[in-house]
Protein chains: 2
Amino acid sequence: MYTLKNLTMRFSCATQWQLLRESVKVAVTKPARISRVDDAYARLKGEILSNRLLPGFQAPEPEFAERLGMSRTPVREALLRLEAEGLVQLVPRRGARILPVLASDMTEIYDLLGALEPHAAAELARRNPSKAELAPLIAATDDMEAALDEGNLEKWAAADDRFHRTLLELHGNRRLIGFASSLYDQAHRARMVTLRMRDKPVRSTREHRDILDLLLSGDAEGVEQLFRDHRRRAASELLNILETFGLPQL
Amino acid sequence: MYTLKNLTMRFSCATQWQLLRESVKVAVTKPARISRVDDAYARLKGEILSNRLLPGFQAPEPEFAERLGMSRTPVREALLRLEAEGLVQLVPRRGARILPVLASDMTEIYDLLGALEPHAAAELARRNPSKAELAPLIAATDDMEAALDEGNLEKWAAADDRFHRTLLELHGNRRLIGFASSLYDQAHRARMVTLRMRDKPVRSTREHRDILDLLLSGDAEGVEQLFRDHRRRAASELLNILETFGLPQL
DNA sequence: CCCCTCAACAATGTATACATTAAAAAATTT
DNA sequence: AAATTTTTTAATGTATACATTGTTGAGGGG
């Protein structure tokens, strides 16, 4: 268990600059206590998703522990957590390997999202949600349009991600939220790497707005169909990019 | 790490009868080595699914460790695994709690299965699978019919479970197999407890046969629709039982 | 050069000891 | 007697030591 005092006293100068930054963040935004497991998990996940820990990279637990500045026990627990989420693979005697995302993985992920999201959207529409209820979804859609206008693709991708996660949150099936969350995470890097290789997401943005409109009008069948098409087109687009640019994995 | 010698030498007489049984099983069906984590996981899961470890039961890690005859470390790892699968909840300072399954949980689970299984069945049908490919599914269906003729509900339920898992295996989406597996496990106890409270599964069995026939004939839309209806009716039936018998949780 | 054997090494699995701290119990105050 | 404070206990989180064992590299022989 970390306390703020621990953070500033326990670490060698080699890592103190970094952990000082972390400690400031902790002090400002969260309670001062964060377990080493949670810390290791968050840091490793952040590095995987931002591609600083590269796909295929592999190191034994003791090396991860050293780099994170803690003992092996919490590191192992963090890695097990990341393994359960499909981001790493623990290979006996070879350590933890950052799982690359293959085209076949993306196919699999999009297939599942293409089944689940339209279904969730349809059920949400059947509840005739009010504008107030859909406010976070409206905000995400607005942000996508604004980001597109600015030409800021990262911002657009973040708003897009938010749209999808928010929709499932509004739907409310906790098991679905958890499962889809790991799917989004697994697909994250591929989506970010390919972000600038694709056409501007004009059509995608319009589709989100249309999905939102259908939700607002309670058109369950309409939103299910459009969402399906949206997912199918997005999958096709991404897989084409992987093929066009000869990217076997990400 | 267990070896067979360890299994027979390490444990007090209080648990030796049980572990002797386990060791025989190990010797016959698996390599002699099984880690304590895997052992703890399998045993705990078995007890949860068979309702020997009751929903709501709660004990701290050290107590589980003592009962399993090993140190806390592998037990914690096994419990974390079970938590990730939705079967237990780790409550700080209160220990691991066996998660009861509420009616709302079953609603959630059936909602997801109702979206995923028909989708997988439709995609499988689109591949025009041969009879040989569907052999394990045919076998499961045959077994359901045989069990129904014998009036053996447990056998029927096992074959039913096998049908559903096999179908997803044949479909081949690994992420779906994993996710659905945990959903089946979570629903298992509820289904077993209610097995004798429901009508004989005559209609259900026929529906499975019909699903199989539609798969064999490559009728994607037909199988998707029938599977949806199948899941919807099964969900309704089970939820009615929970309500009729006043079962708040299982 | 290739193959085999064996020893060394290190990675994971596990047990145990220690640190932290929340909850419960005991003691004290009102 | 009830409320508050203090102390104790024990559960989880963590570090470290030990056990097991798979892999690698060195050495020797053909």
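A quick note: this is a predicted structure, and the numbers were derived from the prediction, not measured. Chain naming here is simple, since letters A, B, ... match the order of the sequence lines and numbering starts at 1 in each.
- One can place CZ of A:Arg93 at 14 Å from P of D:dT20, the figure rounded to the nearest angstrom.
- Distance from the side chain of A:Thr73 is smallest for D:dT16 among the nucleotides C:dG13, D:dT16, C:dA10.
- Atom CD1 of A:Ile34 is separated from atom C1' of D:dT14 by 15 Å (rounded to the nearest Å).
- B:Asp38 places its CG atom 9 Å from the P atom of C:dG13, with the value rounded to the nearest Å.
- B:Tyr41 places its OH atom 18 Å from the C1' atom of C:dG13, with the value rounded to the nearest Å.
- The aromatic rings of A:Phe64 and A:Phe57 stand perpendicular to each other, their planes meeting at an angle above 60°, with 30° marking the opposite boundary.
- When the C1' atom of D:dT14 is taken as reference, atom CZ of A:Phe64 falls 19 Å away, rounded to whole Å.
- Here D:dT14 presents its P atom at 9 Å from CG of A:Asp39, a figure rounded to the nearest Å.
- Residue B:Arg76 is in sugar-phosphate contact alone, with no base atom involved, counting any heavy-atom pair closer than 4.0 Å across all strands shown.
- Judged by atom type and distance alone, A:Arg94 does not reach the base of C:dA11 through any side-chain donor-acceptor pair under 3.5 Å.
- With salt bridges taken as basic N to acidic carboxylate O contacts below 4.0 Å, none links B:Asp111 and B:Arg231.
- Side-chain contact of A:Asp185 with A:Ser182: a donor-acceptor pair under 3.5 Å is absent, judged by distance alone.
- Atom CE of B:Met70 and atom P of C:dT16 are 13 Å apart (whole Å).
- One interatomic measurement links the two molecules: CZ of A:Arg36 to C1' of C:dC18, which rounds to 13 Å at whole-angstrom precision.
- You'll find that the side chain of A:Glu61 is closest to C:dG13, out of C:dG13, D:dT14, D:dA11.
- Residue A:Ser71 has its side chain nearest to D:dT16 when only C:dT14, D:dT16, D:dG22 are considered.
- With hydrogens and angles left out, the side chain of B:Arg72 and the base of D:dG13 share a donor-acceptor pair within 3.5 Å.
- What you find for B:Ser50 and B:Gly46 is that their closest heavy atoms are OG-O, 2.6 Å.
- If you check the side chains of B:His188 and B:Asp161, you find no donor sitting under 3.5 Å from an acceptor.
- Listed nucleotides D:dT12, C:dT16, C:dA22 differ in distance to B:Pro60; the shortest reach to its side chain belongs to D:dT12.
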